[in-house]
Amino acid sequence: MLQAMLLLPAYALFPPLVRGTERRVIHAGPRDYRSRLRDLAPGDHLVLRAGVYERGLPLHRLQGTATRPITVSGPVSGEPAVFRARRGANTVSLLDVSHLEVSNLELTGDGVPVDAVKAEGHAAYAHYVTLSNLHITGHGASRQNVGISTKCPAYGWRILDNRIEGAGTGMYLGDSDGSAPFVGGLIEGNRMEDTVGYNLQIKHQNARPADGALPSGPSRTIIRKNRFRKSSPTGASGGARPNLLVGHWPPEGPGADDIYLIYGNVFYSNPVERLFQGEGNLAFYNNLLVNPAGDGLAIQPHNDIPRRVWIFHNTIIATGTGLTIHAVPGTEVLAITGNAVFAETPFRGVEPTGDNLFVPVARAEAYLKQPLASYPRLDARALPGRLRAEQPFDVPPFPDANRDLNGALRSVAGYGAYTLSPAVKEQ
């Protein structure tokens, strides 16, 4: 019994005292905010005034609850709360926290070789963390410097509506050896631009820790409505990475049936690599991928193999290979259907399971409005009379599978990420 108790995180053994049912709002500024951090209890909201903060934001051993999270936020409008990087310490440091929300801050790196937000590697866990409306700039001293990083077990994260510009890596979730699982996350509405390496990477996972803190049943990590962009060849000398890469789940045991649901995203440009690469269990649908200088999407072994894969209703425009499916023994390709691919080599790999449109990229302008225009003038919607399908596609019932890239219901059967207008008579 004692051994089992020792495996529990500290907050389960010694829950924090709840200070009544009223929510406590605490106001602080650059001079006094550090003294307020250690006293935060469930339900507390620390409101940071506008100004420049030079001493970082260490959020250590803070335990909210599901109904009474601890919140730290800057101004919603007007002048911001700006945290400037300093050498030797990550700017927002998370250590053994749960049910914690951080929002409305500017994190400026100034080329200092640290991370903007990091769940520290020496932490036991960081669970139920919400990061929203953060503006992260200047963390690009090298590819190892990250906008948002987790290096400990992290469950139930929500990463929402953040802007990350010019980081070494935009988001790096998990550890390079597969020992820090990122589980059951929601990554939505973020803009990641001009990183040296990945815009976003979620690392592969080994066997889950046996401490009972992570779920034993299947979980979903959802990546939706984000913008991934790499417009300059910053990775040509050692930093070449896809815009988004997702690694495999645990090969067996808890987590082996987890899945990535990746939909409603826009990927634009990668001068030295493909836009997306994945393995494990994943569904990739209703996405737009445009690479004027290379490949689009690749499903292939990385640290393990692709396991169960669904690829449907994507629009891909690429000057290299549009869609690559490298299946190996143990791979189940359950859907490749409804995609509209315009590329020098539209498709490579296993035989598609359904009906797709594969067209040379040189003919893309005969099908789409402005497929070869530069960002943001690009328009990959169909020209009248184009992309109509003979019949609706049989797609799995994943969230929003019946909606297009913009969230509109698919009222007309068609290829690609966008629905067709029912007012247009297709030919």
Side-chain angles (χ1 to χ4, degrees), residues 173-174 178 187 198-205 220-224 226 228 240-251 255-267 270 272-291 294-358 393-396 398 401 405 415-417:
L173 307 177
I187 302 167
Y198 301 102
N199 291 151
L200 165 61
Q201 182 185 26
I202 303 181
K203 293 299 298 183
H204 66 284
Q205 298 182 18
R220 295 176 170 184
T221 288
I222 297 175
I223 304 171
R224 67 186 179 197
N226 302 284
F228 302 94
R241 298 293 188 274
N243 297 48
L244 170 60
L245 185 145
V246 296
H248 68 81
W249 303 106
D257 293 324
D258 283 15
I259 188 172
Y260 292 106
L261 302 180
I262 304 168
Y263 67 92
N265 303 283
V266 174
F267 300 79
N270 190 324
V272 291
E273 253 286 3
R274 57 181 59 96
L275 298 171
F276 172 79
Q277 181 177 323
E279 63 179 355
N281 306 319
L282 65 94
F284 191 94
Y285 56 100
N286 295 341
N287 300 286
L288 172 63
L289 300 89
V290 181
N291 195 355
D295 297 342
L297 180 156
I299 305 299
Q300 65 181 54
H302 188 57
N303 287 293
D304 190 51
I305 65 171
R307 297 286 181 176
R308 307 181 78 218
V309 177
W310 296 260
I311 309 291
F312 59 93
H313 276 315
N314 301 287
T315 296
I316 303 172
I317 305 167
T319 56
T321 301
L323 175 57
T324 299
I325 308 291
H326 184 186
V328 297
T331 300
E332 294 182 77
V333 180
L334 299 170
I336 306 175
T337 190
N339 300 289
V341 184
F342 304 87
E344 185 70 25
T345 303
F347 184 81
R348 179 177 293 159
V350 302
E351 188 69 21
T353 63
D355 185 20
N356 300 270
L357 183 68
F358 296 131
F393 293 94
D394 184 17
V395 298
F398 292 124
L405 173 66
Y415 301 96

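Worth knowing before you read on, the calculation uses all heavy atoms, side chains too, and leaves out hydrogens, waters and symmetry mates. Every value quoted in this text rests on a predicted model; they were computed, and no experiment measured them.
Put simply, OH on Tyr263 and CG on Asn314 are 13.5 Å apart, with the number rounded to the nearest 0.5 Å. Atom CG of Leu297 and atom CG of Asn243 lie 11.5 Å apart (nearest 0.5 Å). Atom CG of residue Leu261 and atom CG of residue Asn286 lie 11.5 Å apart, to the nearest 0.5 angstrom. Rounding to the nearest 0.5 Å places NE2 of His302 at 11.0 Å from CG of Asp304. Distance check: Leu282 CG to Arg307 CZ gives 12.5 Å after rounding to the nearest 0.5 Å. Rounded to the nearest 0.5 angstrom, Leu323 CG and Leu289 CG are separated by 9.5 Å.
Considering only heavy atoms from C-beta on, Asp257 stays 4.5 Å or farther from Trp249 through its side chain. Side chains of Leu357 and Phe342 form a contact here, defined as non-hydrogen atoms less than 4.5 Å apart. Residues Leu200 and Ile187 are in side-chain contact: their nearest non-hydrogen atoms beyond the backbone lie under 4.5 Å apart. Taking 4.5 Å as the limit, every side-chain heavy atom of Asn339 sits out of range of all side-chain heavy atoms of Phe284. Looking at heavy atoms from C-beta onward, Tyr198 lies in side-chain contact with Leu245 at the 4.5 angstrom threshold. A heavy-atom distance below 4.5 Å is not found between the side chains of Ile316 and Val290. Side-chain atoms of Gln201 and Gln277, non-hydrogen and from C-beta on, never get closer than 4.5 Å to each other. You'll find the side chain of Leu244 reaches within 4.5 Å of the side chain of Phe267, heavy atoms only.
Using modelled atom types, no side-chain atom of Glu332 and backbone atom of Arg308 make a donor-acceptor pair closer than 3.5 Å. Remark: the backbone N or O of Ala256 is not paired with any side-chain donor or acceptor of Asp258 at under 3.5 angstrom. Of the possible donor and acceptor atoms, one in the side chain of Thr353 sits under 3.5 Å from a partner among the backbone N and O of Ile336. Checked by atom type and distance alone, the side chain of Asn356 pairs as donor or acceptor with a backbone atom of Gly354 at under 3.5 Å. A distance-only check finds a donor-acceptor pair linking the side chain of Asn270 to the backbone of Val272 [under 3.5 Å]. Checked by atom type and distance alone, the side chain of Asp295 never pairs as donor or acceptor with a backbone atom of Phe276 at under 3.5 Å. Proximity of a side-chain donor or acceptor of Thr331 to a complementary backbone N or O of Pro306 within less than 3.5 Å is detected. Listed for the Thr315 side chain is no donor-acceptor partner under 3.5 Å among the backbone atoms of Leu288. Under the 3.5 Å distance criterion, the side-chain polar atoms of Gln205 are left unmatched by any main-chain donor or acceptor of Gly178.
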Practice item. Using the side-chain contact (heavy atoms from CB on, under 4.5 Å) rule, take Ile325 and Ile311 through it: C-alpha gap first, then chi angles, then the decisive distance, then the call. Key: CA-CA 10 Å; Ile325 308 291; Ile311 309 291; 4.2 Å; yes
Check your understanding: Step by step, would you call Tyr415 with Phe393 a ring pair (Phe, Tyr, Trp, His ring centres under 6.0 Å)?
Key -> CA-CA 9 Å; Tyr415 301 96; Phe393 293 94; 5.4 Å; yes
**Study point:** Intermediate values then yes/no, side-chain contact (heavy atoms from CB on, under 4.5 Å), Tyr260 and Ile202
**Key:** CA-CA 10 Å; Tyr260 292 106; Ile202 303 181; 3.3 Å; yes
Exercise for review: Kindly determine whether His326 and Glu279 satisfy side-chain contact (heavy atoms from CB on, under 4.5 Å), including the steps that lead there.
Suggested key: CA-CA 10 Å; His326 184 186; Glu279 63 179 355; over 6 Å; no
Practice item. Apply side-chain contact (heavy atoms from CB on, under 4.5 Å) to Thr345 and Thr324, showing your working. Key: CA-CA 10 Å; Thr345 303; Thr324 299; over 6 Å; no
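The heavy-atom pair separating Pro352 from Phe358 by the smallest distance is CG-CE1, 4.0 Å. The minimum heavy-atom distance between Pro329 and Ile305, with the atom names listed, is O-CD1, 3.5 Å. Contact record, Pro396 with Ala401: O-CB, 3.4 Å, taken as the closest heavy-atom pair. Minimum interatomic distance between Thr319 and Glu344 (heavy atoms only, all atoms of both residues): O-CB, 3.0 Å. Counting all heavy atoms, side chain and backbone alike, Ala343 lies closest to Gly320 at CB-O, 3.5 Å. Ala318 and Gly294 make their closest contact through CB-O, 3.3 Å (heavy atoms, listed as atom of the first residue, atom of the second, distance).
Side chains of Asn287 and Asn265: a donor on one and an acceptor on the other come within 3.5 Å. Between the side chains of His204 and Asn303, at least one donor N or O sits under 3.5 Å from an acceptor N or O.
You'll find the ring centres of Phe398 and Trp310 inside the 6.0 Å limit.
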